[in-house]
Number of protein chains: 2
Amino acid sequence: MHSQFTIDCVILSFDNGKLQVLLTERNEYPYKDWWSIPGYFVDKYEEMEDAVYRICHEMTGLKNIYMDQLAAFAGVKRHPEGRILTVAYLAFVQFDSIKNKIKPVSTYMKQAKWFAANDLPDLAFDHLDIVTKSLDRLKNTISYSASLYELLPEKFTLTQLQQLHEAILGKTLDKRNFRKKINTLGYLKPLDEYQKGVSYRAAKLYKLDKRKFQKVIGQP
Amino acid sequence: MHSQFTIDCVILSFDNGKLQVLLTERNEYPYKDWWSIPGYFVDKYEEMEDAVYRICHEMTGLKNIYMDQLAAFAGVKRHPEGRILTVAYLAFVQFDSIKNKIKPVSTYMKQAKWFAANDLPDLAFDHLDIVTKSLDRLKNTISYSASLYELLPEKFTLTQLQQLHEAILGKTLDKRNFRKKINTLGYLKPLDEYQKGVSYRAAKLYKLDKRKFQKVIGQP
DNA sequence: AATATAATGTGTATTTATTACACTATTAAA
DNA sequence: TTTAATAGTGTAATAAATACACATTATATT
């Protein structure tokens with residue numbers, strides 16, 4: 001038995017130099033056959049935080065993804081069958097590691113698919129507003145958010161990190177200055193490992209030192 | 001006729017060197033006679049943005065206050081009569097200009113009263129969580145928020161502004177460095193006017209130049 | 001009129017961060 | 001061995017942040 005509000009999940013990833021949004025194709029009215037961000041009703045006695053994981057799993061097949069609350073959306077006309085409030089959540093996932101795991105469990109969605117954030121199809125409900133707000137949030141928290149690194153593999157190159165920043169900020173950055181900045185931050189640890197399988201000079205791999213990140217960013 | 005979610009308003013102000021929270025004393029069950037942040041049910045066909053102003057007015061007597069959405073709170077046990085989701089909003093008001101206008105219109109609240117943010121009574125529901133989150137939000141947005149200046153009179157002294165920053169950040173700031181920073185910001189305009197009614201050297205008054213603020217802060 | 005009080009308002013030297021800018025090094029493939 | 005593709009590096013100039021102490025001004029008091 002479900003209550004009268006829903007949860008919608010903006011699941012962002014990074015691939016091919018672009019931010020990607022995971023959309024699901026609806027199999028039920030309203031907006032049957034439309035693309036939407038994955039979402040569903042919260043059960044009456046279910047905590048929102050639990051519902052987010054359940055719904056994300058049912059609609060996309062993805063499990064154990066960390067989500068942050070974005071905002072509530074409750075426009076009277078957002079849902080054709082009467083105002084239904086939704087609480088939007090925002091998650092970041094690493095593209096390659098879940099590539100093959102994306103498949104709705106519920107028949108409520110026909111399929112789930114990635115779309116480049118700057119080239120989205122028409123979306124159901126007010127889901128475009130929700131995605132737009134997510135991208136703004138990401139832009140505004142880029143320097144403070146450890147979850148940013150969920151968008152990258154555990155071990156990543158500085159070029160990957162720079163390209164991610166560029167995609168989020170929508171502008172190019174200077175390589176030398178970017179790397180100098182990384183050094184002063186102190187929470188990005190160079191490893192004694194290098195990229196593999198590239199047909200050019202392999203780049204050094206880095207990882208986020210979460211403890212140091214907490215110290216530096218936690219209470220500045 | 002109202003729907004099944006509420007709006008709660010965190011109304012912050014600044015007086016006596018401290019952040020102040022406007023609380024209302026409940027006159028209805030549950031939590032009759034408890035202090036709470038002002039809130040009530042949204043009507044079924046009412047936009048949230050309209051409801052915020054209506055509810056704020058009914059519960060406190062205050063009109064036309066700018067509010068920002070903070071977050072949704074929906075703990076299953078937050079309301080003793082079953083889970084009721086609330087969307088919290090955050091507003092800043094200038095203390096002196098509304099001092100005498102605070103009086104609930106609705107009989108749902110017995111009275112409204114200011115409390116220092118660091119010395120609150122026990123609060124109804126999960127309202128302490130909501131206030132705490134508001135104060136965090138204020139801290140994190142202090143440099144980017146034009147609404148910050150709603151906490152001060154239209155014309156204010158740099159000492160007032162510094163004390164406000166100190167109250168929000170919870171630490172003291174250096175006067176000379178603070179003023180140097182103000183100068184480089186460029187959107188705080190010195191006036192040819194001075195403080196009145198003080199028994200010592202009168203300070204110069206400043207005001208926020210909203211156009212310049214937009215330019216500087218809008219898209220950095 | 002002189003003094004006390006209480007706050008305002010100001011500058012400099014040091015350190016740190018940001019910006020602008022171009023070439024050499026490395027690897028794999030051809 | 002050459003080519004292609006990307007990794008990796010330094011310096012000078014400017015701007016911002018920090019640490020720090022005293023003269024100035026308006027009023028109230030004697």
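Scope of the values below: all heavy atoms of this structure, side chains included, with no hydrogens, waters or symmetry mates. Note on naming: letters A, B, ... go to the chains in the order of the sequence lines (proteins, then strands), and numbering restarts at 1 for each one.
- If you check dA29(C), dT8(C), dG11(C) against the side chain of Ala203(B), the one that comes closest is dT8(C).
- A donor and an acceptor atom sit less than 3.5 Å apart, one in the side chain of Lys180(B) and one in the base of dT18(D).
- Screening Phe213(A), Tyr206(A), Tyr144(A) against Tyr187(A) for a ring pair (Phe, Tyr, Trp, His ring centres under 6.0 Å) leaves a single residue, Phe213(A).
- One finds no salt bridge joining Lys139(A) and Asp136(A) here, because no Lys/Arg side-chain nitrogen approaches an Asp/Glu carboxylate oxygen to under 4.0 Å.
- In this structure, CG of Asn177(B) is placed 14 Å from P of dT10(C), rounded to the nearest angstrom.
- Distance CG (Leu169(A)) to P (dT18(C)): 14 Å, rounded to an integer number of Å.
- In this structure, Thr157(B) reaches neither bases nor backbone, as no heavy-atom distance under 4.0 Å exists between it and the strands shown.
- Residue Thr159(B) is in sugar-phosphate contact alone, with no base atom involved, counting any heavy-atom pair closer than 4.0 Å across all strands shown.
- Checking side-chain atoms of Gln20(A) against main-chain N and O of Leu12(A) turns up no donor-acceptor pair under 3.5 Å.
- Distance NZ (Lys196(A)) to P (dA7(D)): 17 Å, rounded to an integer number of Å.
- Counting non-hydrogen atoms of neighbouring residues, nucleotides and ligands closer than 6.0 angstrom, the NZ atom of Lys155(A) reaches no more than 12 such neighbours.
- Taking the nucleotide of DNA chain C with the nearest heavy atom to each of Leu158(B) and Val198(A), the more 5' of the two is matched to Leu158(B).
- The pair Lys110(B)-Asp33(B) meets the salt-bridge criterion, with a side-chain N (NZ, NE, NH1 or NH2) lying under 4.0 Å from an Asp/Glu carboxylate O.
- Regarding contacts with the backbone of dA16(D), every side-chain N or O of Lys181(B) stays at 4.0 angstrom or more from both OP1 and OP2.
- Within a 6.0 Å sphere centred on CG of Asn64(A), other residues, nucleotides and ligands contribute 12 heavy atoms or fewer.
- If you take CG of Leu161(A) and P of dT6(D), they are 18 Å apart, rounded to a whole angstrom.
- Rounded to whole angstrom, the span from the OH atom of Tyr200(A) across to the P atom of dA25(C) amounts to 20 Å.
- Atom OH in Tyr194(A) sits about 7 Å away from atom P in dG8(D), given to the nearest Å.
- When heavy atoms are screened at a 4.0 angstrom cut-off, Lys175(A) is found touching base atoms of the nucleic acid.
- In terms of phosphate contacts, Arg179(B) brings no side-chain nitrogen or oxygen within less than 4.0 Å of OP1 or OP2 of dT10(C).
- Atom CZ of Phe178(A) is separated from atom C1' of dG8(D) by 14 Å (rounded to the nearest Å).
- When each of Arg176(A) and Ala202(B) is assigned the nucleotide of DNA chain D bearing its nearest heavy atom, the one mapping closer to the 5' terminus is Arg176(A).
- The number of heavy atoms from other shown groups lying within 6.0 Å of NZ (Lys204(B)) is above 12.
- A straight line from CG of Leu173(A) to P of dT19(C) spans 10 Å, rounded to a whole angstrom.
- Not a single donor-acceptor contact under 3.5 angstrom links the side-chain atoms of Lys204(A) to the base of dG8(D).
- In the displayed structure, Lys77(A) atom NZ is contacted under 6.0 Å by at most 12 heavy atoms of other residues, nucleotides or ligands.
- Donor-acceptor pairing under 3.5 Å, judged by distance alone, is present between the side chain of Arg201(B) and the base of dT8(C).
- Bending across the helix from dA1(C)-dT30(D) to dA30(C)-dT1(D), expressed as the angle between its end axes from five pairs apiece, amounts to 0° (10° rounding).
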